[in-house]
S.K.: 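Below is the structure I would like to discuss, written out as structure tokens.
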Amino acid sequence: MYAAAVFLPFIGFLISGAIIFLRIAKHAPQGGGHGHGHDHAHGAHAGHGGHDDHAAHGDPSLDRAAQLVTCGCMLLAAIAAIFAFTNVVVNGNTGAVEIFTWIDSGTLELSWALRGDTLSLAMVLMVTVVSSMIHVYSVGYMSHDSSVPRFMCYLSLFTFMMLMLVTANNLLQLFFGWEGVGVASYLLIGFWFDRPSANAAAMKAFIVNRVGDFGFALGIFATYMLFDSINFDTIFALAPQKADAMLHVFGKDYHALTVICLLLFVGAMGKSAQLGLHTWLPDAMEGPTPVSALIHAATMVTAGVFMVARCSPLFEFSDTALTVVTIVGASTAIFAATIGCVQNDIKRVIAYSTCSQLGYMFFALGVSAYSAGVFHLITHAFFKALLFLSAGSVIHAMSDEQDMRKMGGLYKLIPVTYLMFWIGSLALAGVWPFAGYYSKDMILEVAYAAHTGVGQYAYWMGLTAAFLTAFYSWRLIIMTFHGTSRADEHTLAHVHESPKVMLIPLCVLALGAIFVGFSTVDYFVGEHYEEFWGKALFMLPTHQALEHAHHVPLWVKLSPLVVGAAGIALAYFLYMFRPDLPGKIAGAFPAVYRFLLNKWYFDELYDAIFVKPAFRIGHALWKKGDGAVIDGLGPDGVSYVIREASKKAGVLQSGYLYHYAFAMLLGVAGLITWFLVAGK
């Protein structure tokens, strides 16, 4: 069952890939369109279409085949994952399922194996269930796209690569899945490749992630240097013995596990969009909405959180690394929440929400409450996928409009989508009894219970972010669904509820957003914690934040609910009862408003520090290095010398007989002179 859950998406990818080639072969003479002007591949009203009538609608039979194959494989994978996870819960953690020997070179011996512990199985279950719902949703959302098989193929590839990542039994196998989701995200973000903005966003995501991946790769090398292995079982077993080991780097000795953990965390910062390497995440909204849901909920951004949790036996022996993880996570949580409060694009608000929630997960890991971080990762996947797909339903209804300032008054026209937004937002804001209440509150409690300076920093930043999260969530709901409509008459006339193929996945995810929290809390972070996780997560006896979290003062337990209610109340006051006030507040503090609206100017800062200097260096190397030196002294220079010499030699070829006779006479005189001189 376990292997089936992992490899069925790959089978769907292969078959849908074959359908793409079949489609190309079938319609090669006609050519075909491939893209759209906007995120609007989902309805006849939307002004969709490619570049000719036939290609714009694709081949219905092949499109349907690709949808059936990929969705069928994903649904079967989800069912297999449920059985596999249940088996682990009932019978305990299992060993790795070895597939084949991958590398056997000297001391480097690696098998390709599927790790069978609770952490891997929980991630496989979450990824397959959420991804299967996104696949089914995509059948309706992308129904009028000109490249349906390609889209479904990429989705299945993305899912498979994430499954490779979470089932890895060694660091190199994990790195394969790590890079695989990077490639798949590039393909999906830039899916509509005739749009310059989509291409730019795809390249930005790819390049920023390469920065993090460079650190991650160095971390793998350092791990091999220290342990002479990169198999998880081996390095985790040896970690206590290497707790005081040193690495000699750049002429100095450093604590080895701290170096390794910080390098690995750089990779996690890139993949999970933490402060500094976060700039790619909002731009990833250029891809179709199902892509946004998949990246933000089930794949890609959760990879960094998973990796740190997986490497808990290493991180536990480096207080410095844990401190850095806590500070970065807490700073990201508050940073992204402030930006989410002023964004006007419905998808970007949810994107910054993801960035903020990932910060929560990381500072939970940083105070050694790994299970609390993973618990929030699992619950977040359901309600964040629900929010993104609900946003897609709004965009679908609004003929591709994503600006909330041009919406309003939609709750009567799309009531099911409205209800889904409420469920997702209640879970995100941590309102009882929704999933976020259990997981997010637990994270705040473990941060407080850590009784450290960075723990207190994380707690207060997280509490402030909880207030802002509730505020921007209801700001989104009120601007989108309440008040008078600000849409033009033509758009408003076409507003309608999404088809059932899109609404049913929303309902399934809504059930997850409601029930996953209280049904699993005892296993993830409660009384059954130890037998549930087994050896999948590791904590030193001195790191007891999770245990202490159950005994924090009552005001700590109630504070997230109080600040959440305050945030909701403020949103209602400003956007429902006094809609004139937000504009006045922005006008009264223009510098602050611009600072937040421009995302703390990180893009502009990076443009000034990295992008423009890189362009200047590239231009100089092109013009002066390549053009002047290499070409100038090389092929261009040689050809120039020959050309000029030929011109001068050509002057001697005048065509007059007396010139040639004179030249011959000079030659004869020269020869006679030479003989006379040489003879003496």
Side-chain angles (χ1 to χ4, degrees), residues 1-14 73-74 76-128 131 156-181 183-184 216-217 219-221 223-224 226-239 264 299 302-303 306-314 374 532-538:
M1 280 296 181
Y2 189 21
V6 174
F7 287 103
L8 275 168
F10 184 62
I11 294 171
F13 157 70
L14 292 177
C73 286
M74 278 310 311
L76 289 173
I79 293 169
I82 292 169
F83 281 107
F85 181 74
T86 305
N87 180 53
V88 166
V89 172
V90 173
N91 299 320
N93 291 292
T94 60
V97 179
E98 186 170 335
I99 307 297
F100 57 86
T101 300
W102 187 22
I103 297 174
D104 189 354
S105 176
T107 58
L108 185 62
E109 297 179 5
L110 299 176
S111 294
W112 196 286
L114 307 180
R115 199 165 179 83
D117 61 11
T118 311
L119 181 59
S120 285
L121 264 297
M123 291 295 293
V124 168
L125 178 61
M126 179 274 289
V127 171
T128 51
S131 183
S156 290
L157 174 65
F158 204 172
T159 306
F160 171 70
M161 285 302 179
M162 186 64 187
L163 292 171
M164 284 288 95
L165 191 158
V166 300
T167 58
N169 201 40
N170 58 70
L171 280 169
L172 192 61
Q173 189 181 337
L174 190 150
F175 192 68
F176 169 78
W178 192 270
E179 293 301 301
V181 293
V183 171
F216 189 56
I220 295 174
F221 297 149
T223 303
Y224 185 70
L226 183 66
F227 294 101
D228 203 30
S229 174
I230 52 175
N231 278 306
F232 286 139
D233 289 334
T234 304
I235 62 178
F236 294 165
L238 292 174
L264 293 177
T299 61
T302 59
F306 165 80
M307 186 270 290
V308 174
R310 168 61 75 211
C311 295
S312 56
L314 303 182
V374 175
F532 177 74
W533 288 110
K535 295 181 180 179
L537 299 175
F538 174 77

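In what follows, every heavy atom counts, from backbone to side chain, and hydrogens, waters and symmetry copies are set aside.
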S.K.: Within the structure provided, determine whether Leu165 and Arg310 are in side-chain contact (heavy-atom separation under 4.5 Å).
M.R.: no
S.K.: Could you pull out the closest heavy-atom pair between Ser156 and Pro9, with the gap in Å?
M.R.: CB-O, 3.5 Å
S.K.: Which label fits Trp178 and Phe216: parallel for a plane angle under 30°, tilted from 30 to 60°, or perpendicular past 60°?
M.R.: parallel
S.K.: How long is the span from the CD1 atom in Ile230 to the CG atom in Leu172, to the nearest 0.5 Å?
M.R.: 4.5 Å
S.K.: Hey, could you give me the CG/CD1 distance between Asn87 and Ile82, rounded to the nearest 0.5 Å?
M.R.: 13.5 Å
S.K.: Name all residues meeting the salt bridge (Lys or Arg N to Asp or Glu O under 4.0 Å) criterion together with Asp228; count only those two or more places apart in sequence or in a different chain, and write none if there are none.
M.R.: none
S.K.: Between Thr128 and Leu125 (side chain of the first, backbone of the second, donor and acceptor by atom type, cut-off under 3.5 Å), is there such a pair?
M.R.: yes
S.K.: So, taking the atom named OG1 in Thr223 and the one named CG in Leu238, what distance separates them when rounded to the nearest 0.5 Å?
M.R.: 12.0 Å
S.K.: Kindly compute the distance separating CE (Met126) from CZ (Phe85), expressed to the nearest 0.5 Å.
M.R.: 11.5 Å
S.K.: Please find the pair of heavy atoms, one from Cys73 and one from Leu8, that lie closest to each other, and give the distance.
M.R.: CB-O, 3.4 Å
S.K.: Does a side-chain heavy-atom distance below 4.5 Å link Leu264 with Met307?
M.R.: yes
S.K.: Got Thr302 and Met123 here, is their nearest side-chain heavy-atom distance under 4.5 Å?
M.R.: yes
S.K.: Under the 3.5 angstrom rule, does the side chain of Ser120 hit a backbone N or O of Gly116 as a donor-acceptor pair?
M.R.: no
S.K.: Tell me the closest heavy-atom pair linking Ile99 and Phe7, and the distance in Å.
M.R.: CD1-CE1, 4.3 Å
S.K.: Tyr224: which residues meet the side chain to side chain donor-acceptor pair (under 3.5 Å) condition with it, sequence neighbours left out?
M.R.: Thr107
S.K.: Could you report the tightest heavy-atom contact between Val6 and Phe160, atom names first, then the distance?
M.R.: O-CD1, 3.4 Å
S.K.: Work out which heavy atom in Phe538 is nearest to a heavy atom in Ser312; give both atom names and the distance.
M.R.: N-OG, 3.1 Å
S.K.: Determine whether Leu163 and Phe10 make a side-chain contact, defined as any pair of heavy atoms from C-beta on separated by less than 4.5 Å.
M.R.: no
S.K.: Return the orientation label for the Trp112 and Phe176 ring planes: parallel under 30°, perpendicular over 60°, tilted otherwise.
M.R.: perpendicular
S.K.: Less than 4.0 Å between a side-chain N and a carboxylate O, is that true for Lys535 and Asp233?
M.R.: no
S.K.: Quick one: are Thr234 and Phe227 in side-chain contact, heavy atoms under 4.5 Å?
M.R.: no
S.K.: With sequence neighbours excluded, tell me which residues meet side chain to side chain donor-acceptor pair (under 3.5 Å) with Glu109.
M.R.: none
S.K.: Locate the shortest heavy-atom distance separating Asn231 from Ser229; write the atom from each residue and the value.
M.R.: N-OG, 3.1 Å
